[in-house]
Amino acid sequence: MNRVEEPFSWPRFTCERHQTVTKITPRDAGAAASHAPMPALWWDEAANFLALVDQTRLPGELVILYPTTSGEIAEAIQTMRVRGAPAIGVAAAYGLAFGAREALAGVTDPAEAMARLRAVADELRATRPTAVNLGWAIDRGLAAAGRAQAAGESATTLPARLLAVARAVEAEDAASCAAMGQLGARLIEDDDVILTHCNAGALATAGIGTALAPLYVAHAAGKHFVVYVDETRPRLQGARLTAWELARAGIAATLIADGMAATVLAHERAAWNRTKVFVGADRIAANGDVANKVGTHGLALIAHGLDTQFYVVAPLSTIDMSAASGGDIPIEQRDEREITEISGIRIAPEGVRVLNPAFDVTPSHLITAIITEAGAVYPPYRHTLPALLKRVRAEQSSKV
Ligand code: MRU
């Protein structure tokens with residue numbers, strides 16, 4: 001019988017929501033510092049808990065939550081306490097482990113165990129549809145559980161197995177971020193002007209981020225560059241999260257309204273000729289079309305019009321070869337109050353019709369390169385993406 005190698009024990013507290021709250025004054029939040037980037041979530045070895053930053057409270061308060069049930073994880077993903085494609089994948093992997101512990105208590109029949117696990121998986125999967133990392137992480141857990149069952153393991157071992165899977169997903173995400181940072185930093189030169197959209201930083205991952213990882217690595221290497229941050233309506237991930245995490249890391253950044261991007265890039269392009277856009281991705285189709293935070297497509301069109309490089313930085317887990325093109329990617333529609341209200345105060349007239357897709361699709365021809373942890377790929381993506389994945393699979397199987 002296979003053994004679960006990773007030693008662990010479960011969190012001691014199960015019923016209450018424990019949290020650590022640190023008030024952040026506006027002055028602290030804006031002060032240049034040089035803290036290490038703070039990831040969205042991590043397994044706290046000492047406390048034996050999952051720690052998760054409540055991103056709905058930043059930048060005013062740094063609230064660390066310690067979820068212990070799959071329901072709490074599902075709620076955190078749905079309400080965007082944890083957000084960003086890689087981070088919600090990691091969160092979902094932990095959610096499946098927590099759910100297994102709850103749902104499989106006392107279950108011995110393998111078929112019943114898998115059916116219950118799939119129900120937990122379905123609840124987690126339904127939280128946010130666009131980021132493929134979510135389903136990818138859940139499927140990885142389900143596959144591990146299926147293999148364990150097929151090998152004759154008792155259902156009682158599944159929670160431990162799934163916790164080990166979640167910890168591996170977390171560690172691999174952190175390693176991918178570091179690799180993307182190294183590869184992407186080569187594209188950053190002194191005096192570059194960089195624009196980024198949404199938050200594809202540490203707060204969107206279990207590591208140092210995707211699109212912001214190259215900035216962290218280049219900054220640490222002593223390169224000097226200028227960063228503009230789109231505020232990113234309607235949820236303001238740029239204003240609340242990217243501006244906060246860059247300031248915390250001591251990287252100077254200028255916050256702009258989304259509608260200013262064309263003017264800023266045109267001005268900087270004329271003055272310096274060194275403009276670049278770095279964004280993340282929630283799902284990359286087989287032809288290189290990229291779903292990312294709404295507004296990314298417009299930014300790509302602006303970059304194209306201004307002959308500005310447009311880089312997408314994302315881990316391999318964000319590539320979905322089952323989506324032939326962007327048209328196959330499900331786009332999450334969110335509550336219209338995200339548009340009609342700001343901080344709970346209504347700003348639009350009652351009865352106005354609202355569209356609130358959380359993401360848009362940038363066609364591949366607008367993308368200069370896609371940077372993954374295994375290397376950068378360039379157009380034509382319908383050839384270079386499958387070739388990259390083939391190479392990675394060959395390298396993995398030669399190691400086994
Ligand atoms: O709605 P969000 O905040 O989860 O959207 C996040 C983004 O669009 C990010 O750019 C994307 O997930 C990449 S994060 C590394």
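Note that the structure is predicted; figures quoted are calculated from it, not measured. Remember, it's 1-based here, ligands and their atoms both numbered in the order they're listed.
- By the 4.0 Å N-to-carboxylate-O rule, Lys276 lies close enough to Asp192 to be salt-bridged with it.
- Applying the ring-ring contact (aromatic ring centres under 6.0 Å, His included) test to every pair with at least one member in residues 298-354, sequence neighbours left out, gives these pairs: Phe278-Tyr311.
- Side-chain atoms of Arg83 and Gln237 form no donor-acceptor pair, as typed in the model, at a separation below 3.5 Å.
- Checked for salt-bridge contact, Glu336 and Arg353 miss the test: no charged N lies under 4.0 Å from a carboxylate O.
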Show the distances, to 0.1 Å, for all pairs joining an N/O atom of ligand 1 and a protein N/O atom that are shorter than 3.5 Å, listing one pair per line.
from	atom 1	to	atom 2	distance (Å)
ligand 1	1 (O)	Arg128	NH1	3.4
ligand 1	1 (O)	Arg128	NH2	2.8
ligand 1	1 (O)	Lys293	NZ	2.7
ligand 1	3 (O)	Arg83	NE	2.8
ligand 1	3 (O)	Arg83	NH2	3.2
ligand 1	3 (O)	Gln237	NE2	2.8
ligand 1	4 (O)	Gly84	N	2.9
ligand 1	4 (O)	Arg128	NH1	2.8
ligand 1	8 (O)	Asp282	OD1	2.9
ligand 1	8 (O)	Asn292	OD1	3.1
ligand 1	8 (O)	Lys293	N	3.2
ligand 1	10 (O)	Asn292	OD1	2.6
ligand 1	12 (O)	Ala85	N	2.8
ligand 1	12 (O)	Asp282	OD1	3.0
ligand 1	12 (O)	Asp282	OD2	3.2

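- Using a cutoff of 4.0 Å between basic side-chain nitrogens and carboxylate oxygens, Asp109 and Arg116 are not scored as salt-bridged.
- Atom CZ of Arg391 is surrounded by more than 12 heavy atoms from other residues, nucleotides or ligands within 6.0 Å.
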